[in-house]
Enquirer: 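Sharing a structure here in C-alpha cells format.
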Amino acid sequence: MHTTVGIIGAGPAGLLLARLLHQEGIDSVVLEARDREYVEQRQRAGILEQVTVDALRGAGAGERMDREGIVHHGIELRFGGRSHRVDFADLASGRGVMVYAQTEMVKDLIALRLADREPLSFEAEVHKVEAEGVDADHVTVHYRHEGREQILTCDWAVGCDGFYGVTKNAIPESLRRTFERTYPYSWLGVLAAAPPVYDELIYAHSDRGFALASMRSATVSRLYLQVPNGTAPTDWPDEQIWAELDRRFALGHDPAWKLTRGPITAKSVLPMRSHVTEPMRHGRILLAGDAAHIVPPTGAKGLNLATGDVIILARALTHLKHTGSTELLDAYSETCLERVWRAEHFSYFMTTTLHTDPDQSAFDTRLQLSQLARIASSRNAAAELAQNYVGVPIPGRPPGSRTGCRHRW
Ligand code: FAD
Ligand code: DHB
C-alpha cells in the first residue's frame, strides 16, 4: 500500500492532521495500535485554546464542541486561604479557552474520518519506520494488523504516536537531542458525578500540596490532587479524596466552604515530565505532539501543543502541494519548537509555582507565595500568565486558506 502521508497514531494530533489534509485533497493512511473503544475512552485533557477551537471549527469538527463545550474567560488562583481571579477577557485581548474533553474531540474526529471513508486502521501497531537516509524519496512503515505483518510506503511519515511511540527512533541517535526534567510528585485525577466547584477552574496552592478543580459539564467535575510519586489510585478511598480537596481549597474568610460531593466514577495517577526531542523532522520523517514533546499538565498545554504542530504541518504539506516548495516543511521543526519551548517554560512555571516539592524549605514556599501575590497585584504579571494560558497564536495564514497554483508532488 502507498499513500502520500502515513500517520502513525490516532490521538488528537494524528486525527486532526488526517482531517486537515483530507480537506486539502491530500491522501493519508492512519495506523493506530489500540482499538477504537480504548482510544475514545482514554481520560486525558479538557481545555482547548482558541487556536485549537478555531482549527476544529475549520476542520468541520466543531459542531458538537460549540454546542456542548463551555467557554471560560478566566481562572481562579487560590493561595494563602484567599482567591484571585485572572481575567483573560481583560488581560489577553478577549481570548478565552473552551472546556471540551479530549475524549469528545477524538470521537468527533474519528466519526468524520469514517464518514469520509478515509483509511484509518485500529489495532495496527507500527514497529518500525525507516527511510534510506535523509535524502530518501519515500518512507517505509512496518506494522502488524489482523495477525499479519504489513508494509505501508509513503512520501512522508508523521509520528503522532505519543511519548512511547516508535517513529522518533527513525531519527539517527547521533542527530537527536533530548531535553528532560522529571518532578518529585504526580497527580491523582478523578471524575465525579458532582456539579463543578465554581464557574471557572480553580488552581490551588496550599501547604498540603496542589489541587485543581476542573469540569467536564454542568454535572461532571474533573478534580486533581498532588500526590507523591509511586501512589496507586487505590491508596485513596473516595472519602479521603473529598476531605483532602476540602482542605486544599479552604478559604480563610469562609472556613465552612466545602465542595459538593458526588460519586467518583474514575481515578487515575499521572506522573509528570517535561521532555523535548529535537529536531522534529529528519528528511521525510516528521514528529508531532507528544511524540516530540511532553509538558507537566499544570496549565493544560499538552493537547494544544499537539494540535498546534499539526496545523503548522498541514499548512506546510499544503504549501508543498500547491507550490512545489518545501520552504515551510524546512522550517517545520524550528517553527514548532519556538512555541513548544514557550509552553515548556509556562508549564514548568505553573507546576513549580503551585506544587509543594517534598524537599521544599519554608524559604521556597515564601518565594512561591510572593510570586502568586505578584500575579494578584500586578497587571503585567497577570497578563503574562493570561496570555500564556490562552495560548500563543500560530504565525502565518489560518489553516484552509489557499494560495498559489496546484503542483504535482
Ligand atoms: P496521544 O494522545 O498520546 O496519541 C498517540 C496515539 O498513538 C495513541 O492513540 C497511541 O495508542 C498511538 N500509538 C502509540 N504507539 C503506536 C504505534 N507503535 N503504532 C501505532 N499507534 C501507536 N494534557 C493536558 O493538557 N491536560 C491534562 O489533563 C492531561 N492529562 C493527561 C493524562 C495522561 C494520562 C496523559 C498520558 C496525558 C495527559 N495530557 C494532558 C496530555 C495530552 O493528553 C496529550 O498531550 C495529548 O494526548 C497529545 O496528543 P497526541 O496525539 O500527540 O498523542
Ligand atoms: C484540566 C487539566 C489540566 O492540566 C489543566 O491545567 C486544566 C484542566 C482538565 O483535565 O480539565
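Whatever order the structure lists ligands and atoms in, that order sets their numbers, starting from 1. Given the structure is predicted, the values throughout are model-derived calculations rather than measurements.
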Enquirer: Relative to the heavy atoms of G9, which atoms of ligand 1 are at a distance of less than 4.0 Å?
Expert: 6 (C), 7 (O), 12 (C), 21 (N)
Enquirer: Looking at non-hydrogen atoms alone, which of R42, K301, Q102, Q43 comes nearest to atom 47 (O) of ligand 1?
Expert: Q102
Enquirer: Taking it one step at a time, do I285 and T167 satisfy side-chain contact (heavy atoms from CB on, under 4.5 Å)?
Expert: CA-CA 8 Å; I285 298 167; T167 311; 3.8 Å; yes
Enquirer: Run the numbers for me: atoms of ligand 1, each under 4.0 Å from some heavy atom of R34, listed by number.
Expert: 11 (O)
Enquirer: Please classify the C160 to ligand 1 contact at 4.0 Å (heavy-atom distances, strictly less than): side chain, backbone, both or neither.
Expert: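 C160 to ligand 1: backbone contact only, side chain stays beyond 4.0 Å.
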Enquirer: Kindly confirm or rule out an N or O of G299 lying under 3.5 angstrom from an N or O of ligand 2.
Expert: yes
Enquirer: Is there a nitrogen or oxygen of E125 sitting under 3.5 Å from a nitrogen or oxygen of ligand 1?
Expert: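 Between E125 and ligand 1, no N or O pair is found under 3.5 Å apart.
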Enquirer: For ligand 2, which atoms, with element, lie under 4.0 Å from some heavy atom of P297?
Expert: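 Per the distance check, 3 (C), 4 (O), 5 (C), 6 (O).
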Enquirer: Within this structure, what is the NE2-CG distance for the pair H293 and L305, rounded to the nearest 0.5 Å?
Expert: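 The NE2 atom of H293 sits 5.5 Å away from the CG atom of L305.
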Enquirer: Does any N or O of ligand 2 fall below 3.5 Å from an N or O anywhere on S214, backbone included?
Expert: yes
Enquirer: What protein heavy atom lies closest to atom 49 (O) of ligand 1? Include the residue and the distance to one decimal.
Expert: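 Ranked first by proximity to atom 49 (O) of ligand 1 is P12 CD, 3.5 Å.
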Enquirer: Are R19 and D116 within salt-bridge range, i.e. N to O under 4.0 Å?
Expert: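 A salt bridge links R19 with D116.
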Enquirer: At what distance is the nearest protein heavy atom to atom 34 (C) of ligand 1, and which residue and atom is it?
Expert: L270 CG, 4.0 Å
Enquirer: Measure centre to centre between the rings of Y183 and H355, then say whether the value is under 6.0 Å.
Expert: no
Enquirer: Does atom 19 (N) of ligand 1 have a protein heavy-atom neighbour under 4.0 Å away?
Expert: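 Given the 4.0 Å cut-off, atom 19 (N) of ligand 1 counts as touching protein heavy atoms.
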Enquirer: Under 4.0 Å, heavy atoms only, figure out whether ligand 1 is touched by the backbone of Y224, its side chain, both or neither.
Expert: side chain
Enquirer: Please verify whether a non-hydrogen atom of A124 lies at under 4.0 Å from ligand 1.
Expert: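 Yes, A124 has heavy atoms under 4.0 Å from ligand 1.
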Enquirer: Examine A13 against ligand 1 and note whether any of their N/O atoms are separated by less than 3.5 Å.
Expert: yes
Enquirer: Considering only the protein, which heavy-atom contact is closest to atom 10 (O) of ligand 2, and what is its distance?
Expert: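 Nearest protein contact, heavy atoms only, for atom 10 (O) of ligand 2 is Y224 OH, 2.6 Å.
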Enquirer: Just which atoms of ligand 1 are under 4.0 Å from any heavy atom in V126?
Expert: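 Near V126, meaning under 4.0 Å from one of its heavy atoms, ligand 1 has 17 (C), 18 (N), 19 (N), 20 (C).
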Enquirer: Under 30°, 30 to 60°, or over 60°: which ring-plane class applies to H142 and H127, parallel, tilted or perpendicular?
Expert: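 Tilted, since the angle between the ring planes falls between 30° and 60°.
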Enquirer: Which residue holds the protein heavy atom closest to atom 5 (C) of ligand 2, what is that atom called, and what is the gap in Å?
Expert: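 Of every protein heavy atom, Y203 OH, 3.3 Å lies nearest to atom 5 (C) of ligand 2.
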Enquirer: Nearest heavy atom to atom 14 (C) of ligand 1 wins, so pick from D161, L305, L16, V106.
Expert: D161
Enquirer: In terms of residue, atom name and distance, what is the protein heavy atom nearest to atom 21 (N) of ligand 1?
Expert: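 Scanning the protein heavy atoms, the shortest distance from atom 21 (N) of ligand 1 goes to A33 N, 3.1 Å.
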Enquirer: Check each of W187, F249, Y185 against F210 using the ring-ring contact (aromatic ring centres under 6.0 Å, His included) test, and report the only one that passes.
Expert: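 So, applying the ring-ring contact (aromatic ring centres under 6.0 Å, His included) to F210 and each of W187, F249, Y185, only W187 qualifies.
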Enquirer: Considering only heavy atoms, does L212 approach ligand 2 within less than 4.0 Å through its side chain, its backbone, both, or neither?
Expert: side chain
Enquirer: Among A45, G14, G11, which one has a heavy atom closest to atom 24 (C) of ligand 1?
Expert: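 Considering heavy atoms of A45, G14, G11, the nearest to atom 24 (C) of ligand 1 sits in A45.
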Enquirer: Can you tell me if E49 uses its side chain to pair, donor with acceptor, with the backbone of N304 under 3.5 Å?
Expert: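 It does not hold such a pair.
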Enquirer: Is the shortest heavy-atom distance from the side chain of W236 to the side chain of L225 under 4.5 Å?
Expert: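 Yes, close enough: below the 4.5 Å cut-off.
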Enquirer: Closest by any non-hydrogen atom to atom 41 (C) of ligand 1: pick that one out of I8, L31, I7, D290.
Expert: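 The option holding the nearest heavy atom is D290.
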Enquirer: Please say whether P297 places an N or O atom under 3.5 Å from an N or O atom belonging to ligand 1.
Expert: no
Enquirer: Look up atom CG in L20 and atom CD1 in I26, then write down how far apart they are to the nearest 0.5 Å.
Expert: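 One finds 9.5 Å between CG of L20 and CD1 of I26.
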Enquirer: Show me which atoms of ligand 2 lie under 4.0 Å from any heavy atom of G46.
Expert: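 The list of qualifying atoms is 9 (C), 10 (O), 11 (O).
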Enquirer: For G289, counting its heavy atoms only, list the atoms of ligand 1 lying under 4.0 Å from any of them.
Expert: 52 (O)
Enquirer: Does R216 come within less than 4.0 angstrom of ligand 2, counting non-hydrogen atoms of the residue?
Expert: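 Under 4.0 Å: yes for R216.
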Enquirer: What's the shortest heavy-atom distance between Q371 and T353, and which atoms?
Expert: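 So the two residues come closest at CG-CG2, 4.0 Å.
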Enquirer: Do ligand 2 and T298 have nitrogen or oxygen atoms that lie under 3.5 Å from each other?
Expert: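 No; every N/O pair is 3.5 Å or more apart.
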Enquirer: To the closest 0.5 Å, what do you measure between CZ (R176) and CD (E278)?
Expert: 13.0 Å
Enquirer: For L201, take its heavy atoms, then give the atoms of ligand 2 lying under 4.0 Å from any of them.
Expert: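 In order of number, 7 (C), 8 (C).
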Enquirer: Assess the residue pair M98 and D66 against the criterion (side-chain contact (heavy atoms from CB on, under 4.5 Å)); give the C-alpha distance rounded to whole Å, side-chain angles, the decisive distance to 0.1 Å, and a yes or no.
Expert: CA-CA 9 Å; M98 172 89 83; D66 279 325; 3.7 Å; yes
Enquirer: Would you mind running through ligand 1 and noting each atom that sits below 4.0 Å from a heavy atom of G302?
Expert: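 Result: 25 (O), 45 (O).
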Enquirer: Using 30° and 60° as the class boundaries, would you call the ring planes of F349 and H345 parallel, tilted or perpendicular?
Expert: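 Rings of F349 and H345: parallel, as their planes differ by under 30°.
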Enquirer: Assess whether side-chain contact (heavy atoms from CB on, under 4.5 Å) is satisfied between L287 and I171, documenting all intermediate values.
Expert: CA-CA 10 Å; L287 302 176; I171 303 180; 3.9 Å; yes
Enquirer: Taking D246 for the side chain and L259 for the main chain, is one N or O donor matched with an acceptor at less than 3.5 Å?
Expert: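 Present.
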Enquirer: Quick one: closest heavy-atom pair of S347 and P296, and the distance?
Expert: CB-O, 3.7 Å
Enquirer: Take M350 and K301, measure what side-chain contact (heavy atoms from CB on, under 4.5 Å) needs, and give me the verdict at the end.
Expert: CA-CA 11 Å; M350 289 288 280; K301 289 288 152 215; over 6 Å; no
Enquirer: Atom CG of L313 and atom CG of L21: how far apart are they, to the nearest 0.5 Å?
Expert: 7.0 Å
Enquirer: Under 4.0 Å, heavy-atom basis, I'd like to know which part of S268 is in contact with ligand 1: side chain, backbone, both or neither.
Expert: neither
Enquirer: Is W187 close to ligand 2, meaning an N/O of one under 3.5 Å from an N/O of the other?
Expert: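 In fact, backbone or side chain, W187 has no N or O that close.
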Enquirer: From the options R144, E32, R44, select the one whose nearest heavy atom is closest to atom 1 (P) of ligand 1.
Expert: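 Of the listed residues, R44 has the closest heavy atom.
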